[in-house]
**Q** 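My questions will all concern the structure given below.
What you see below is based on every heavy atom in this structure, not just the backbone, and it leaves out hydrogens, waters and symmetry mates.
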Amino acid sequence: MGRERRTPPAESPRTRLSDGSLARVAPSEFTSGWELLVDETPQSHVDLDDPTHLHFEYVARMGAVIDTFRPAGDAITAVHLGAGALTIPRYVAVTRPGSRQQVVELEGGLWDLVRENLPLPRGAQIRVRIGDARAVVERMPAGILGQVDLVVSDVFSGARTPAHVTSVEFYTSLAKLLTSSGVVLVNIADGPGLAFTRRQVATLRQVLPHVAVLAEAQVLKGRRFGNLVLAASREPLPDEWLPRLLAAGPHPAKIASGAEVATLSRDAGPVSDADAVPSPAPNSSLFER
């Protein structure tokens, strides 16, 4: 599929968001491509010349699931909550041509910044809707219910996941979108002890009983702060997934499934709207350059 290319602007494009934070697009300091930063917290990485280049580890883990859960190259229907720079929608558009995708982003100014400076691959069937992720999902037309192969929930306010997208009620609304074998991917961040993760796993398992957790080994062992990807479905995740996902990395990788996931969430209660809280804030030094 053809791809748009664009000469990087001389100065870092930026915009002020509705909450007062500053979003900007800047060349990556560590690899090819660009990063979207909000108040200097990295939100997304995009390589316009190669949309299959997934630089952030948690995004690469999501990409590995997307590569595995349907036959290679098959088009899918996907809903993405939290746009960032649309790294995963770009990846799906290139690796699964013909896929139909909807993206929900709260900040219209952020989407304008990305659209103007990081154009989408030519021919990508990606529709962007502006609004709160949960509110938009709950208003989706009846015709899409039960038709979605993949839902990606990557909603952050700064470096934290907002409370209202962590509850049983929220995940129930996502589950209504899915086909019988559809998959929800959730990106969360947590620190030592994994208290937030344990409750999120318990919450997802109440709605979609088959859950796997992918992360860097030390993060999943609860020894340091980092991102974890939760994959959930109504149907058992195929046995052949796990070795393929583990081999795909990034390394060192660890995947929890089955009994290990049950143990992880054993003493944690599911989250309801009444007691939902945001994900923990990372130490400010985590994003120092």
**Q** Kindly write out the residues that satisfy side chain to side chain donor-acceptor pair (under 3.5 Å) with Asp112, not counting sequence neighbours, or none if the list is empty.
**A**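 Counting only residues at least two positions away or on another chain, Asp112 forms a side chain to side chain donor-acceptor pair (under 3.5 Å) with Arg115.
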**Q** Considering only heavy atoms from C-beta outward, does the side chain of Leu81 approach that of Leu174 to under 4.5 Å?
**A** yes
**Q** First locate atom OH of Tyr171, then atom OG1 of Thr203, and finally report the distance between them rounded to the nearest 0.5 Å.
**A**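 Between atom OH of Tyr171 and atom OG1 of Thr203 there are 7.0 Å.
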**Q** Main chain of Ala85, side chain of Ser44: is a donor-acceptor contact present, judged purely on distance under 3.5 Å?
**A** yes
**Q** Taking Arg199 first and then Asp267, would you say they form a salt bridge - that is, a charged N and a carboxylate O separated by under 4.0 Å?
**A**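 The answer is no: the pair does not qualify as a salt bridge.
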**Q** Between the side chains of Arg223 and Gln218, does any donor sit under 3.5 Å from an acceptor?
**A**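 Yes, because at least one side-chain N or O of Arg223 sits under 3.5 Å from a partner of the opposite role on Gln218.
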**Q** Return the CZ to CG distance between Arg16 and Leu22, rounded to the nearest 0.5 Å.
**A** 4.5 Å
**Q** If you define the side chain from C-beta out and look only at heavy atoms, does anything of Leu113 sit under 4.5 Å from Leu36?
**A** yes
**Q** Please check if Leu214 and Ile88 belong to a single hydrophobic cluster, counting links between Ile, Leu, Val, Met, Phe, Trp and Tyr side chain heavy atoms closer than 4.5 Å.
**A**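 Both belong to a single hydrophobic cluster.
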**Q** Could you tell me whether a side-chain N or O of Asp50 sits under 3.5 Å from a main-chain N or O of Asp47, the two making a donor and an acceptor?
**A**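 Not confirmed, Asp50 side chain does not pair with Asp47 backbone.
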**Q** What side-chain donor-acceptor pairs closer than 3.5 Å can you find for residues 59-67, not counting sequence neighbours?
**A**
unit_1 : atom_1 : unit_2 : atom_2 : d
Arg61  : NH1    : Pro250 : O      : 2.9
Arg61  : NH2    : Glu57  : OE1    : 3.4
Arg61  : NH2    : Pro250 : O      : 3.3
Asp67  : OD1    : Tyr91  : OH     : 2.8
Asp67  : OD2    : Tyr91  : OH     : 2.8

**Q** From the options Arg134, Glu138, Arg139, select the one residue that forms a side chain to side chain contact (heavy atoms under 4.5 Å, CB included) with Val136.
**A**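 The passing option is Arg139.
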**Q** Testing the basics here: between Gln206 and Pro270, what is the closest heavy-atom pair and its distance to 0.1 Å?
**A** OE1-CG, 3.0 Å
**Q** Going through the checks in order, is the salt bridge (charged side-chain N to carboxylate O under 4.0 Å, His left out) test met by Lys254 and Glu260?
**A** CA-CA 11 Å; Lys254 181 171 174 56; Glu260 190 172 0; 3.0 Å; yes
**Q** Is there a path of hydrophobic side-chain contacts, each under 4.5 Å between heavy atoms of I/L/V/M/F/W/Y residues, joining Leu208 to Leu185?
**A** no
**Q** Taking all heavy atoms of Leu110 and all of Ala23, pick out the closest pair and write down the distance.
**A**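 Shortest heavy-atom separation between Leu110 and Ala23 comes out as CD1-CB, 3.7 Å.
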**Q** Should the pair Glu35-Arg24 be classified as a salt bridge under the 4.0 Å nitrogen-to-oxygen rule?
**A** no
**Q** Can Leu194 be reached from Val201 by stepping across I, L, V, M, F, W or Y side chains whose heavy atoms are under 4.5 Å apart?
**A** yes
**Q** Give the table of side-chain donor-acceptor pairs shorter than 3.5 Å for residues 156-163, with sequence neighbours excluded, one pair per line with atom names and distance.
**A**
unit_1 : atom_1 : unit_2 : atom_2 : d
Arg160 : NE     : Ser279 : O      : 2.7
Arg160 : NH2    : Ser279 : O      : 3.1

**Q** Would Ser180 and Arg234 count as a side chain to side chain contact (heavy atoms under 4.5 Å, CB included) here? Give the steps.
**A** CA-CA 7 Å; Ser180 60; Arg234 290 189 184 90; 5.6 Å; no
**Q** Between Asp39 and Thr41, does any side-chain donor sit less than 3.5 Å from a side-chain acceptor?
**A** no
**Q** Taking side chain to side chain donor-acceptor pair (under 3.5 Å) as the definition, give me every residue that meets it alongside Ser181, ordered by chain and number, with sequence neighbours left out.
**A**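 Partners of Ser181 under the side chain to side chain donor-acceptor pair (under 3.5 Å) test: Arg70.
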**Q** Please confirm whether the backbone N or O of Pro119 pairs with a side-chain atom of Arg90, one donor and one acceptor, at under 3.5 Å?
**A** yes
**Q** With side chains defined as the heavy atoms from C-beta onward, is the minimum distance between Trp34 and Leu118 less than 4.5 Å?
**A** yes
**Q** Side chain to side chain contact (heavy atoms under 4.5 Å, CB included) with Asp149: which of Val183, Asp74, Thr77?
**A**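 That would be Thr77; it is the only one of Val183, Asp74, Thr77 passing the side chain to side chain contact (heavy atoms under 4.5 Å, CB included) with Asp149.
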**Q** Taking the side chain as every heavy atom from C-beta outward, state whether Val79 and Met140 have any atom pair closer than 4.5 Å.
**A** yes
**Q** In the structure I gave you, are the side-chain heavy atoms of Leu228 and Asp190 within less than 4.5 Å of one another anywhere?
**A** yes
**Q** Give the minimum heavy-atom separation between His251 and Ala247, together with the two atoms involved.
**A** NE2-O, 3.1 Å
**Q** With sequence neighbours excluded, tell me which residues meet side chain to side chain contact (heavy atoms under 4.5 Å, CB included) with Ala83.
**A**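 Partners of Ala83 under the side chain to side chain contact (heavy atoms under 4.5 Å, CB included) test: Leu86, Val103, Glu105.
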**Q** Check whether Arg127 reaches the backbone of Arg100 with its side chain - one donor and one acceptor, N or O, closer than 3.5 Å.
**A**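 Flag not set: sc Arg127 to bb Arg100 has no pair under 3.5 Å.
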**Q** What orientation do His45 and His53 show, parallel under 30°, tilted 30 to 60°, or perpendicular over 60°?
**A** perpendicular
**Q** Applying side chain to side chain donor-acceptor pair (under 3.5 Å), run through His80 and Gln101 and close with a yes or a no.
**A** CA-CA 8 Å; His80 306 264; Gln101 303 187 77; 2.6 Å; yes
**Q** Nearest 0.5 Å, what's the OG-CZ distance between Ser153 and Phe170?
**A**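 Result: 4.0 Å between the selected atoms.
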**Q** Please give me the minimum heavy-atom distance between Gly84 and Val114, naming the atom from each residue.
**A** O-CG2, 3.6 Å
**Q** Given side chain to side chain contact (heavy atoms under 4.5 Å, CB included), test Gln102 with Val148 step by step and report yes or no.
**A** CA-CA 10 Å; Gln102 291 194 38; Val148 176; over 6 Å; no
**Q** Do Glu216 and Arg224 touch side chain to side chain, with heavy atoms closer than 4.5 Å?
**A** yes
**Q** Could you grab the distance from atom CD of Glu235 to atom CG of Leu178, nearest 0.5 Å is fine?
**A**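 Going from CD on Glu235 over to CG on Leu178, the span is 10.5 Å.
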**Q** How long is the straight-line distance from OG of Ser233 back to CG of Leu204, given to the nearest 0.5 Å?
**A**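 These two atoms lie 11.0 Å from each other.
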**Q** Whether the side chain of Ser265 engages the backbone of Ala268 through a donor-acceptor N/O pair (distance < 3.5 Å, no angle test) should be reported.
**A**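 Flag not set: sc Ser265 to bb Ala268 has no pair under 3.5 Å.
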**Q** Would you say Ser21's side chain and Leu17's backbone share a donor-acceptor pair under 3.5 angstrom?
**A** no
**Q** In Å and rounded to the nearest 0.5 Å, what is the CG to CG distance from Leu237 to Leu242?
**A**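 Answer rounded to 0.5 Å: 7.5 Å.
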**Q** Begin from the C-alpha positions of Gln147 and Thr179 and carry the test side chain to side chain donor-acceptor pair (under 3.5 Å) through to its verdict.
**A** CA-CA 5 Å; Gln147 303 300 311; Thr179 63; over 6 Å; no
**Q** Is the backbone of Tyr58 close enough, under 3.5 Å, to the side chain of Asn227 for a donor and an acceptor to pair up by distance?
**A**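 Looks like no, no N/O pair under 3.5 Å.
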**Q** Are any of the side-chain heavy atoms of Ser173 and Val137 separated by less than 4.5 Å?
**A** yes
**Q** I'd like to know if the side chain of Ser12 and the backbone of Val25 have a donor-acceptor N/O pair within less than 3.5 Å.
**A** yes
**Q** Return the set of residues passing ring-ring contact (aromatic ring centres under 6.0 Å, His included) with His210 (not counting sequence neighbours), or none when no residue passes.
**A** none
**Q** Going hydrophobic residue to hydrophobic residue with side-chain gaps under 4.5 angstrom, can you get from Phe225 over to Val213?
**A**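 Result: no, two separate clusters.
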**Q** Should Val168 and Val155 be regarded as members of a common hydrophobic cluster, given that ILVMFWY residues are connected when their side-chain heavy atoms come within less than 4.5 Å of each other, either directly or indirectly?
**A** yes
**Q** Check Ser32 against Ser28 and note the closest heavy-atom contact, atom names and distance.
**A** O-CB, 4.2 Å
**Q** Any non-hydrogen side-chain atom of Leu230 less than 4.5 Å from a side-chain atom of Ile188?
**A**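 In contact.
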**Q** Provide the closest heavy-atom pair for Arg205 versus Val261 in the form atom of the first, atom of the second, distance.
**A** CD-CG1, 3.7 Å
